[in-house]
There are 2 protein chains.
Amino acid sequence: MFMFNKLHRTAEELIRHSGGRVTVGRIRILSVLLAEQQAITHREIEQRLPQTLQLDRVTLYRALEWLADKNLIHKVTSDDRAWRYHANRELHTHQHAHFKCTRCAQMICLDDLPIERSWPLPAGYRFQEIELTVKGLCADCS
Amino acid sequence: MFMFNKLHRTAEELIRHSGGRVTVGRIRILSVLLAEQQAITHREIEQRLPQTLQLDRVTLYRALEWLADKNLIHKVTSDDRAWRYHANRELHTHQHAHFKCTRCAQMICLDDLPIERSWPLPAGYRFQEIELTVKGLCADCS
DNA sequence: CAATCATTGCAACATTGTTGCGTTTATTTA
DNA sequence: TAAATAAACGCAACAATGTTGCAATGATTG
């Protein structure tokens with residue numbers, strides 16, 4: 001992966017800037033997510049980490065939680081009971097939709113789908129955020 | 001629950017009409033869902049079943065799967081890794097949105113939110129369906 | 001370099017859902 | 001109505017994903 005060094009430096013920068021401790025694990029995890037177009041699962045992140053840096057499952061979960069707290073990544077709900085994670089680019093720090101392929105389970109962000117900020121809700125209900133997943137077949141599967 | 005007999009009969013009717021075997025379990029489960037405004041979890045269904053009819057966990061899952069196959073109920077994805085189920089009224093046999101309270105986890109159907117049938121997707125992608133969850137605080141929690 | 005406290009790794013646990021298989025039962029058929 | 005049949009059921013065991021408590025490690029600061 002020829003982009004690796006650049007991503008690695010970007011990741012380190014972002015983490016340092018967020019005021020937490022800069023650890024190898026966090027850097028590598030964020031690098032993986034920055035290199036990825038799709039939103040990927042915990043397991044997929046594990047598989048993409050170098051052999052030389054196999055983190056404990058719990059550590060990975062906690063690092064992901066921390067990165068999400070710091071708004072460097074975001075979590076996406078799916079129908080298969082597994083969170084998927086994706087690095088926050090400036091483009092989609094705001095609310096955006098996701099697409100999930102019903103055959104291969106690939107999940108991408110649909111950045112150009114602006115979602116309205118509020119919805120008509122029953123009286124007394126208060127809007128916070130929206131989660132929108134479009135399902136169908138991706139280019140490879142259709 | 002004074003409506004019980006009526007619901008029970010409705011449920012039995014619907015099941016018989018769907019061409020499967022009419023079992024006590026299916027009738028009671030569907031009755032519970034027909035009586036409920038919200039979309040509820042497997043566990044909540046269990047709790048609402050009469051003491052005299054405690055079904056095995058597996059049986060409940062399989063009955064719910066069957067009911068969903070027959071389009072008598074529908075499954076809703078949530079961010080807490082648990083399916084929620086709701087009886088299909090004529091109003092929302094089509095695609096509709098759901099609201100989930102971020103405090104008490106209550107989940108209701110937003111019937112009056114019509115969702116467009118298709119979305120602009122990348123080239124080669126094929127639309128199938130959409131899942132939309134609005135999150136916020138319900139009337140009781142806000 | 002030592003002190004400090006955030007981060008990590010391990011073990012154990014929790015929740016939700018699934019599979020295989022022998023038994024029961026709703027329905028059909030004689 | 002009784003026997004035959006296949007669909008449902010219940011049990012046990014398993015699988016996947018995620019969480020908690022706690023002792024050990026290591027990044028940062030002075």
Side-chain angles (χ1 to χ4, degrees), chain A residues 8 11-30 39-47 49-70 72-85 100 105 107, chain B residues 8 11-31 39-70 72-85 100 105 107:
Chain A
H8 194 278
E12 182 169 348
E13 189 72 11
L14 288 167
I15 290 166
R16 192 176 310 279
H17 205 260
S18 294
R21 293 202 176 166
V22 181
T23 68
V24 203
R26 284 177 180 172
I27 295 172
R28 299 310 279 262
I29 293 168
L30 185 51
I40 57 177
T41 63
H42 174 270
R43 180 169 294 265
E44 288 166 329
I45 294 170
E46 239 172 8
Q47 289 164 353
L49 287 174
Q51 301 289 342
T52 51
L53 184 77
Q54 285 302 323
L55 298 171
D56 186 73
R57 212 154 49 98
V58 178
T59 303
L60 183 39
Y61 277 118
R62 291 202 263 231
L64 289 168
E65 197 186 343
W66 185 87
L67 290 167
D69 270 358
K70 298 301 180 191
L72 298 178
I73 65 175
H74 63 280
K75 279 167 96 169
V76 189
T77 303
S78 175
D79 53 8
D80 57 7
R81 315 172 2 96
W83 293 106
R84 281 175 173 71
Y85 303 86
K100 185 176 183 201
M107 205 155 187
Chain B
H8 194 278
E12 182 170 346
E13 189 73 10
L14 287 167
I15 291 166
R16 192 176 309 279
H17 205 261
S18 294
R21 292 204 177 167
V22 182
T23 68
V24 202
R26 284 178 180 173
I27 295 171
R28 299 310 280 264
I29 293 168
L30 186 50
S31 298
I40 57 178
T41 63
H42 174 270
R43 179 170 293 264
E44 288 165 328
I45 294 169
E46 240 171 9
Q47 289 164 352
R48 284 162 176 72
L49 287 174
Q51 301 288 343
T52 51
L53 183 77
Q54 286 300 324
L55 299 170
D56 186 75
R57 213 154 49 97
V58 178
T59 303
L60 183 39
Y61 278 118
R62 291 201 263 231
L64 289 168
E65 197 186 344
W66 186 87
L67 290 167
D69 271 357
K70 299 300 179 190
L72 298 177
I73 65 175
H74 64 278
K75 279 167 97 169
V76 189
T77 303
S78 174
D79 52 8
D80 57 7
R81 313 172 3 96
W83 293 106
R84 281 176 174 72
Y85 302 87
K100 185 177 183 200
M107 204 156 189

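What you see below is based on every heavy atom in this structure, not just the backbone, and it leaves out hydrogens, waters and symmetry mates. Order of the sequence lines fixes the chain letters, A, B, ..., with proteins taken first and strands second; residue numbering starts at 1 for each chain.
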Subject >> Nearest-neighbour nucleotide for the B:L55 side chain, D:dG10, D:dT28, C:dC10 considered >> reply: D:dG10

Original post:
Using a cut-off of less than 4.0 Å, is there contact between a side-chain N or O of A:T23 and OP1 or OP2 of D:dA27?
Top reply: no

Original post:
Quick one: does A:E13's side chain get under 4.5 Å of A:H17's, heavy atoms only?
Top reply: no

Original post:
Between B:W66 (CH2) and C:dA26 (P), how many Å, whole number?
Top reply: 14 Å

Original post:
Taking for each residue the nucleotide of DNA chain D with the nearest heavy atom, is it B:D56 or A:E65 whose nucleotide lies nearer the 5' end?
Top reply: B:D56

Original post:
D:dA8 P sits how many Å from B:Y61 OH, rounded?
Top reply: 20 Å

Original post:
Expressed in angstrom and rounded to an integer, what is the separation of B:K70 atom NZ from D:dA8 atom C1'?
Top reply: 14 Å

**OP:** Determine whether any donor atom in the side chain of A:R62 lies under 3.5 Å from an acceptor atom in the base of D:dG21, or the reverse, and answer yes or no.
**Re:** yes

Original post:
Looking only at N and O atoms, is any donor in the side chain of A:R81 or the base of C:dT16 less than 3.5 Å from an acceptor on the other one?
Top reply: yes

Original post:
Atom CD1 of A:I15 to atom P of D:dT28: distance rounded to whole Å?
Top reply: 11 Å

Original post:
Given side chains that start at C-beta, do those of B:E12 and B:R26 come closer than 4.5 Å, heavy atoms only?
Top reply: no

Original post:
Starting at CG of B:L64 and ending at C1' of D:dA8, how long is that distance when rounded to a whole Å?
Top reply: 14 Å

Subject >> A:W83 side chain, from C-beta outward: closest of D:dA12, C:dT7, D:dG18 >> reply: D:dG18

**OP:** Run the salt-bridge test on B:D79 and A:K75 with the 4.0 Å N-O cut-off and return the result as yes or no.
**Re:** no

Original post:
Looking at B:A39 and B:R84, what are the two nearest heavy atoms and their distance?
Top reply: O-CD, 3.5 Å

Subject >> Residue met sooner reading DNA chain C from 5', once B:V58 and B:G20 are mapped to nucleotides >> reply: B:V58

Original post:
Is a donor-acceptor pair below 3.5 Å formed from side chain B:R21 to base D:dA6, judging by atom type as modelled?
Top reply: yes

Original post:
Given side chains that start at C-beta, do those of B:D80 and B:K100 come closer than 4.5 Å, heavy atoms only?
Top reply: yes

Subject >> Separation of D:dG26 C1' from A:I27 CD1 (nearest whole Å) >> reply: 14 Å

Original post:
If you find the nucleotide of DNA chain D closest to A:V22 and the one closest to B:L60, which residue's nucleotide is nearer the 5' end?
Top reply: B:L60

Original post:
Could one point to a donor on the side chain of B:R57 or the base of C:dG17 with an acceptor on the other under 3.5 Å away?
Top reply: yes

